[in-house]
Amino acid sequence: MERRRSRSPRAAPTRNPLTQKPYSSNYTKLLKDRKSLPVYEALLQLENLLKLHQVIILQGETGSGKTTQVPQYLAGLQKKVACTQPRRVAAMSVAKRVAEEMDVKLGEHVGYSVRFDECSSESTLLKYLTDGMLLREAMKHPTLDQYDIIILDEAHERTLATDILFGLMKEVLQKRRDLKVIVMSATLNADKFQHYFEGAPLLSVPGRLFPVEVFFTQVAEEDYVAAAVKTVMQIHAFEDPGDILVFLTGEEEIETACRNIKKEANKYGESVGKLLVIPLYSTLPPSAQQKIFEPAPGPNTKNIPGRKCIIATNIAETSLTIDGVVYVVDSGLSKQKVYNPRMRVESLMVSPISKASAKQRAGRAGRTQPGKCYRLYTEETYRSELQETTHPEILRSNLTSVVLTLRVMGIDNLVKFDFMDPPAPETMMRALEILNFLGALDDEGDLTELGSLISEFPLDPELSKILITSERFKCSDDILTLCAMLSVQNPFLRPKESGEVADKAKAQFAHQDGDHLTLISVFSAYIREGQRQDWCSHNFINPRSMRAAAEIRDQLLVKFNKLGLQVLSEERGRSENIRKCICSGFFTQVACKEKSSIYATLKEKQCVAIHPSTTLAFRPEWVLYHEYILTSKNYIRTVSIINPIWLLELAPHYFELEGFPDSQGKRQLESLKKSRAKNKK
DNA sequence: GAGCACTGC
C-alpha cells in the first residue's frame, strides 16, 4: 500500500521512509514552515548539480535555512552525510531541530558528535559535528569512508579546523571519486572558495533578515567607549522601543561602559524609560550570562516603555544570539589573536574588525524586525581601513598541533599541502622544529611512535608529551590533573571590589615550588570538598573552570588507560618529579634571572617579569613558564622553580646551545655541562 | 604588583 502511494507523483508519502511509521502531525506542521524557507526551492537544483560535480559552493545568509534543509534533503536520498559546525552548541541544537523536522528520534537517523557527547548510532544517516571532531575522525580514517557527502558549514568563519579540512578534502577528492563536498558560506568570500575548488559551481540563496539601516559617525571618535555611552543614551532617549546591543573589545571596557551608562541614565530620571544594562563576555559566570535573556523592563511611572542594553564582546557576533535587538552600536574593534613565530608568542591585540564582521554585527539588529546600526567610525574608515574578511585563524596561530595532525593524516609533503591561505614558512618551521625536539617527528620529519601517541590526546603536543612522560616520573595522577587545569580558563576569580579577600583565598592553595603545583592543589581541594559550588564561590574559584577540568581529566584518563599507560603516583620527591616531568615538554619555555626581578627567556633573550598573579614567594634563579603574554609589560605566567641540570638531562639535544644568544643563563648552563662532563670521567 | 576576544579536540 505505502509503496504504491509513495510512487504516485502527486500524493506526498504519509509514512516516513526512514522509520516506516506514519508521519506525526508535528511533522506536517513543520513541513509547512520548511517549505517557506528561501533554500527550499534550491534543493532540487542542488541535487542535480551534485550529479555533475564533486564540489559545490552554497552561499546563503542567515535565515536561508541552509544548515537545516540541505543536510536533511541529502540524507533523505539515503546518503551518509556529515555536516560540520564551528561551535558545539550549534551542532547539538541543529541536530535536535532536524531530527524533529524529519520525524525521527535524535541519535538514530539524525545525530550529533561533539566533545564529551556522542549521540549517534549505526543507523545514523545524518550527523552534525564540530569541525574539530571531524578532524579527529579524519586522523583515524583519513579518507573519511564512513561518509558519502561532507558539508563544511559556516566556511566563511575560516576556523583552524575548517581550514585544515579544506586542504584534506582536496586530497581525499582525488582518492575518492564518489565523495561529494558542499561548502556552505555567507557571502563575501564565496568566490574565493570557488577559485580554491576549481570549477565548483556556485549556488546562491537569499537570506531572510529584516532591513538594517546603517549610520556612520561624521568625524572619527577618539574615545570609542565614551562614544558608545553617548550613542546608547541618544537611542534610549529618542528612538522607538527595542533593545540595544553594543560591541566593545573586552571585560574592562565593558564594565566601564556599563557603569557610565547607568550613571547617565540616572541623570535623566523618569523622563526616559527604565534601562537594564547587562555586560556580556565569556569569562562571566553562566548565571550572569543568563541575564541577557531576561525581558526588558516594563514602563515607568510616565508610561514610557523600558529597554535592555547589552554591552558585549565578540561573543554576541556569532556564539550567542539575543532576540529583540533592534539597535546595534558597533565600535568597529575587537581583540584578535596574533602569533609571532620568532618570539613564539601568541598575544591579543585590539584591532579593526573586517567588513564581513561589521556586516554580521549589523545583522544582529534585524532578526525580529527592521533595525538600526550605529557604527562609531566614519564611512571613509570603513571603506579604506577595514579588510574585506577577517584574517583566517591559521595565519594567526601557533601551528604545532596542526602540523602533527597533518602528519598523522598521512600528509607527508607539507610544502605541497594546498592551504587556502598558506601560513608563513617561519611558522611551519617553528612547528616542525618543536615537534622534532619533543620527539614527535624524527630528523627526517617523519612521525615517530611517540608522535602518534602524542597525537592521541586532545591537548597541545607539549602537554601530551608531559602526560606520556609522567609514567616514567611516577606522577601521572598529578600530571593528568595539571593537563586538565591548563586546558581551562583561569580558575582564580578576582573581582575588583574584593581583590584582597580573593588573594587570601588563593594563598591557601599556594605551593612554594610554583603555580603548576598550585593548580594541582586547587583541583585536589575541589575534589576533596565534593565538587561543591558553594565551596567554589567561598574560595573565589570559578566553578565552571573546575567542572570543565574534571570532565577533561576524565577524558584524558580514559585515553591514558586505553593506550596502555599506567597511572602512578609516588609521594616521595613528588614536587621535584612533577616539575622534572613538566620540563620534558616545556624545556623551550625557561627563563633565568638577570637581576632582582627581571628575567630573560633563554632562547629569545627577551626581558620578562613574572606575572603578579604568581604564588611564588620569592624570585628563584631558574623558572619554567607556561605562557608568555604581552600586555602592559612582557610577562611570563604560570611559573615554577626548576633546576637547570634537569634541562640538560631531559633535553640534551635542545641544549646544545649553539643558536642561543649570549646570556647569564647560557653561561651557567655551559659551566654546568663542563662540570657534568668532568664528573663522568 | 595586574589582566584574560572567541572557539575546538
Side-chain angles (χ1 to χ4, degrees), chain A residues 84-91 113-118 129-140 154 157-165 247-255 280-284 312-320 331 333-338 346-351 353 357 360 390 392-393 396-397 401-402 404-405 408 454-461 463-464 483-484 487-496 499-500 502-503 506 542 545 548 551-552 555-556 559 597 609-616 619 627 629-635 637-638:
Chain A
T84 66
Q85 295 294 316
R87 285 165 291 279
R88 40 184 284 140
V89 184
S113 175
V114 299
R115 191 182 190 179
F116 308 128
D117 196 357
E118 173 73 50
L129 30 55
T130 47
D131 48 9
M133 208 54 163
L134 187 61
L135 206 52
R136 279 276 149 191
E137 289 190 3
M139 287 168 77
K140 276 218 177 74
E154 311 291 354
E157 289 193 30
R158 303 289 308 275
T159 65
L160 200 48
T162 297
D163 261 21
I164 301 166
L165 287 168
F247 285 101
L248 294 177
T249 71
E251 172 174 349
E252 202 181 326
E253 240 171 59
I254 288 172
E255 294 296 348
L280 176 66
Y281 41 88
S282 75
T283 48
L284 274 176
T313 58
N314 247 2
I315 193 170
E317 198 177 299
T318 49
S319 305
L320 274 174
S331 64
L333 300 165
S334 73
K335 280 192 185 166
Q336 286 169 27
K337 187 171 71 183
V338 282
E346 282 182 342
S347 53
L348 286 172
M349 261 180 56
V350 173
S351 330
I353 59 171
S357 276
Q360 175 76 18
T390 310
E393 199 183 355
R396 298 181 282 123
S397 308
S401 287
V402 171
L404 185 61
T405 303
V408 171
I454 286 176
S455 75
E456 291 272 348
F457 291 98
L459 294 169
D460 284 341
L463 285 171
S464 291
C483 287
S487 305
V488 300
Q489 257 177 18
N490 178 9
F492 298 107
L493 298 172
R494 196 175 185 280
K496 267 213 186 78
E500 279 178 32
D503 288 344
K506 185 174 176 180
N542 184 345
S545 301
E551 202 166 20
I552 292 172
Q555 191 190 29
L556 295 176
K559 197 80 188 176
S597 59
I610 296 181
H611 196 272
S613 64
T614 186
T615 57
L616 279 176
R619 296 290 174 260
E627 49 183 353
I629 50 169
L630 292 170
T631 50
S632 55
K633 264 197 217 168
N634 292 353
Y635 285 113
R637 191 163 57 184
T638 313

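Note that the coordinates shown come from a computational prediction; the quantities given were computed from them, not determined experimentally. Each chain gets a letter, A, B and so on, in the order its sequence line appears, and its residues count up from 1.
Note on A/Phe457: nothing from the nucleic acid sits closer than 4.0 angstrom, heavy atoms only. If you check every strand for non-hydrogen atoms under 4.0 Å, A/Ser282 touches sugar and phosphate atoms only. Nucleic acid contact class of A/Arg136 (heavy atoms, under 4.0 Å, all strands): base. A/Val114 comes within 4.0 angstrom of sugar-phosphate atoms only, judged by non-hydrogen atoms across all strands, and of no base. The residue A/Glu251 sits close to a base: some heavy atom pair falls under 4.0 Å. Among the atoms of the strands shown, none is found under 4.0 Å from any heavy atom of A/Ser334. Counting non-hydrogen atoms under 4.0 angstrom, A/Arg88 reaches the backbone sugars and phosphates but no base.
Listed by chain and residue number, A/Val488 satisfy the side-chain contact (heavy atoms from CB on, under 4.5 Å) test with A/Ala548 (two or more places apart in sequence, or in another chain). Under the side-chain hydrogen bond (donor to acceptor under 3.5 Å, both in side chains) criterion, A/Lys559 pairs with A/Glu456, sequence neighbours left out. Considering only residues two or more places apart in sequence or on other chains, A/Asp503 meets the side-chain hydrogen bond (donor to acceptor under 3.5 Å, both in side chains) condition with A/Arg494. Applying the side-chain hydrogen bond (donor to acceptor under 3.5 Å, both in side chains) test to A/Thr162 and every residue at least two apart in sequence or in another chain returns A/Asp131, A/Thr159. Applying the side-chain hydrogen bond (donor to acceptor under 3.5 Å, both in side chains) rule to A/Thr638 yields no partners; only residues at least two apart in sequence or on another chain are considered.
Of the residues near DNA chain B, A/Asp460 and A/Lys633, the one whose nearest nucleotide (by heavy atom distance) lies more toward the 5' end is A/Lys633. Heavy-atom nearest nucleotides on DNA chain B were determined for A/Glu252 and for A/Ser113, and the one closer to the 5' end corresponds to A/Glu252.
Mapping heavy-atom proximity under 4.0 Å, the span of DNA chain B touched by chain A runs 5' to 3' from B/dG1 to B/dC9.
A donor-acceptor pair under 3.5 Å links the side-chain atoms of A/Arg88 to the main chain of A/Arg115, judged by distance alone.
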